[in-house]
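We name chains A, B, ... by the order of the sequence lines, and we start the count at 1 in each one. Keep in mind that this is a model prediction, so the values were computed, not measured.
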Amino acid sequence: MDKLHQTLMRYFGYDSFKTGQEDIIQSVLNQKDTVAMLPTGGGKSICYQIPGYMTDGLVLIISPLLSLMEDQVERMKMRGEKRVAALNSTLSFQERRHIIRHLPSYKFLFVAPEALMSEMLLEQLKSMHIGLFVVDEAHCISEWGHDFRPEYSKLGEWREALGHPVALALTATATKQTLKDTVQTLRLQHPDFHIHSVNRPNIALVKEAHETKEAKEKRAIELVEYLQGPGLIYCPTRQMTEDMALIMKQKTHQRVEYYHGGMDAGDRMLIQQQFISGQLDLICCTSAFGMGIDKADIRFVIHMSPPQSIEAFMQEIGRAGRDGKKSVSILLYTEEDADIQQHLIQAEGFDEPEIDFFLARLTQMQTNDEKKLREQLMESGLQETRARMLIHYYRMYQSDEPRVLLMKLKEKLQDRQTEKLRKVWQFKERITDHGCFRQSLLSYFYEQLDQTESASSDSCCSSCGLDLSDYEKKDQPLELNEMKHWKTVLDRMFHLTKEAQH
DNA sequence: CGTATAATGTCTAGACATTATACGGTGCTCTAGT
């Protein structure tokens, strides 16, 4: 047995790697910057943990969500790893200071990109040897980067400040453009790419056109009654998640809750846990639900309208069928759906007078302090996310002369909007197309459907002919459900669930 | 674009219709001090 497999066995108790893992680890061990795309549930965390054990230095993991970090830390601790911590705002000041002061005694450190703004942390990290710089869920770099979480676009700068440690970017869904963004933003040099298909043959793809919103709702109720659960319903707004959950509670016999970003953290955690442990059959949610949800047996995902991009859609349907069993994704849409998205995007853009106005505000201010700039703009009536985006580009071109600055700013904001609109349009195009839906989605990632590995036509997509009765609810006696629930609880207690770590 | 709330308008003065406006989704950060 080679050293790689010995490490795998010693720390994780597995005797073989999943597809792709070994090559990715090898690449990192060879000191190559690496970009890896593995399907959801493909075992991404092993790809940085094993190199961590086999090399010197701290493994710094940039993670987008607090819950994700905490989840990972907990799992690693349950496995027996003590030298791991997540540094974030859930800790008290003392706890944070303690971790920063004792950084050399840690092997794995999880942080959000925003945390690297802290001088104290950055200085301490600079004085250490960083063995590996990991960016988890790397598609966030381009998806959330400039306008939503601008710190994502500074990761490259920070990596350089830390002495250019080897980088590993991990994701499940990325287009060529996203990969390019990742390479650029992280300032990777001649990286190794390990790209695996985004296709999930066990998820059948259905799309249905309806005339009205009411018709979609009616259909959703039918589906929830008919289909084998558990399931998810993705809604475009927070309001709608609550409405749908109410309707479903009244009209179906399912245990239902809603979930969105506006709820407090405790409720969100509770519902997520109840769903994972099998005490809920259905969750009506916005796009806030999903990342880091490790539930293997989700059987269906219904979309009440198309999300803003094909990537987002793939991420969301990818939450179904992680156990490899037959699952189904159903997209309900009306003709107008894409138009709404389009208007939303246009509404968040800046028109010329707005740019002039806010730019004047920015240049008037004698400070370069990000916080103060943001406060000022928000006082002038700008939303936080828009203010941050504007400041980001403003600082990028600040050293140029005013006219050039204005020109570049306008150009950037325009590009950003055009790009978003293009994504909506590209999705719309594929929804109205009558060819194989699966092939059509894969073509967005420049993939060809491989006939040998693909699903047979009766479980491919609605365009290829699909029999929904394959996904019909199997009546299970209640006791069996209860037993299954308790088995899950016990397994979790003793950490026996395979999918937990692998 | 579509929906929810706020503001205005109406006619046996407090409820009710009409019109105007805002917003829609995703999340991190952090004080302070012996």
Side-chain angles (χ1 to χ4, degrees), chain A residues 62-70 86-97 100 110-122 136-137 139-155 212-214 216-217 234-244 258-265 268 284-293 303-309 311-313 315-316 333-349 369-372 374-375 381-389 391-392 420-421 423-424 428:
Chain A
I62 314 295
S63 173
L65 302 180
L66 299 177
S67 60
L68 261 180
M69 292 181 216
E70 256 143 49
L87 195 62
N88 58 48
S89 61
T90 61
L91 303 178
S92 70
F93 180 73
Q94 286 89 346
E95 287 170 315
R96 242 174 303 167
R97 197 176 50 186
I100 292 175
F110 290 82
V111 296
E114 288 85 355
L116 292 175
M117 292 221 296
S118 152
E119 283 290 319
M120 183 161 58
L121 175 61
L122 204 60
D136 199 11
E137 308 286 356
H139 58 275
C140 294
I141 291 175
S142 71
E143 220 163 279
W144 281 356
H146 314 291
D147 47 353
F148 187 47
R149 293 175 69 175
E151 283 77 15
Y152 258 109
S153 30
K154 292 185 192 153
L155 287 177
T212 60
K213 198 188 154 221
E214 289 69 33
K216 287 197 292 187
E217 268 179 31
Y234 276 100
C235 304
T237 64
R238 293 174 176 182
Q239 183 64 49
M240 191 166 170
T241 63
E242 301 187 13
D243 297 346
M244 283 298 289
Y258 61 83
Y259 183 105
H260 57 68
M263 298 159 61
D264 74 58
R268 287 174 65 162
C284 303
C285 54
T286 61
S287 54
F289 189 82
M291 238 194 292
I293 303 293
H303 277 87
M304 296 306 294
S305 71
Q308 286 200 346
S309 69
E311 295 98 298
F313 183 67
Q315 282 273 345
E316 287 166 6
Y333 68 96
T334 63
E335 284 290 321
E336 301 84 47
D337 281 341
D339 302 334
I340 295 172
Q341 298 284 6
Q342 193 174 317
H343 282 276
L344 251 175
I345 291 165
Q346 274 160 355
E348 78 174 5
D369 182 69
E370 176 133 9
K371 248 190 196 164
K372 282 180 187 153
R374 200 189 307 160
E375 270 168 26
L382 200 61
Q383 286 173 342
E384 190 195 357
T385 54
R386 295 177 81 206
R388 292 173 73 148
M389 168 164 60
I391 293 166
H392 172 72
K420 282 188 166 189
L421 286 171
K423 283 182 186 256
V424 169
K428 189 185 177 178

Item to check | Contact summary for Q341(A) and P306(A), nearest pair of heavy atoms | outcome: NE2-O, 3.0 Å
Checklist entry - Base, sugar-phosphate, or nothing for Q94(A), non-hydrogen atoms under 4.0 angstrom? => result base
Item to check | Span that lies between the P atom of dG27(B) and that of dT31(B), in whole angstrom | outcome: 23 Å
Next on the checklist: E70(A): which residues meet the salt bridge (Lys or Arg N to Asp or Glu O under 4.0 Å) condition with it, sequence neighbours left out?
Outcome noted: none
Checklist outcome for this item: Sorted by chain and number, sequence neighbours left out, ring pair (Phe, Tyr, Trp, His ring centres under 6.0 Å) with Y152(A) holds for none
Checklist outcome for this item: Sorted by chain and number, sequence neighbours left out, ring pair (Phe, Tyr, Trp, His ring centres under 6.0 Å) with F110(A) holds for none
Checklist entry - What string of B, S and - do you get for nucleotides 25-31 of chain B, 5' to 3', if B is base contact, S is sugar-phosphate-only contact and - is no contact with any protein heavy atom under 4.0 Å? => result BBBBSB-
Next on the checklist: Restricting to side-chain contact (heavy atoms from CB on, under 4.5 Å), what partner residues turn up for S67(A), sequence neighbours left out?
Outcome noted: L65(A)
Checklist outcome for this item: Rounded to whole Å, CD of Q341(A) lies from C1' of dC1(B) at a distance of 11 Å
Next on the checklist: Suppose we screen for ring pair (Phe, Tyr, Trp, His ring centres under 6.0 Å). Which residues come up paired with F93(A), at least two apart in sequence or across chains?
Outcome noted: none
Next on the checklist: My validator wants the stems of DNA chain B: runs of 3 or more consecutive Watson-Crick or G-U pairs, both distances under 3.5 Å, written as range with range.
Outcome noted: B:1-11 with B:14-24
Checklist entry - With no hydrogens and no angle check, is any side-chain donor or acceptor of R149(A) less than 3.5 Å from a backbone partner on W144(A)? => result no
Next on the checklist: Suppose you measure atom C1' in dC28(B) against the same atom in dG33(B); what distance do you get, rounded to whole Å?
Outcome noted: 25 Å
Item to check | D243(A): partners by salt bridge (Lys or Arg N to Asp or Glu O under 4.0 Å), with sequence neighbours left out | outcome: none
Within the sub-3.5 Å range, which N or O atoms of nucleotides 20-23 of chain B have a protein N or O partner, and how far apart are they?
none

Checklist entry - Considering residues at least two apart in sequence or located in another chain, which fulfil the salt bridge (Lys or Arg N to Asp or Glu O under 4.0 Å) criterion with E137(A)? => result none
Checklist entry - Is the base of dA13(B) syn or anti, if syn means a glycosidic angle within 90° of 0? => result syn
Next on the checklist: Can you check the distance between dT12(B) and dT8(B), where both ends of the measurement are the P atom (answer in whole Å)?
Outcome noted: 23 Å
Item to check | side-chain contact (heavy atoms from CB on, under 4.5 Å) partners of E151(A), counting only residues at least two apart | outcome: P113(A), E114(A), M117(A), W158(A), R388(A)
Checklist outcome for this item: Sequence neighbours excluded, the answer for salt bridge (Lys or Arg N to Asp or Glu O under 4.0 Å) partners of K423(A) is E311(A)
Checklist outcome for this item: Here the distance between atom P of dG2(B) and atom CG of D337(A), to the nearest Å, is 10 Å
Next on the checklist: How many whole angstroms separate atom CG of D243(A) from atom P of dG24(B)?
Outcome noted: 16 Å
Next on the checklist: How many whole angstroms separate atom CE of M304(A) from atom C1' of dG2(B)?
Outcome noted: 15 Å
Item to check | Nearest-Å distance once atom P is located in both dG9(B) and dT29(B) | outcome: 48 Å
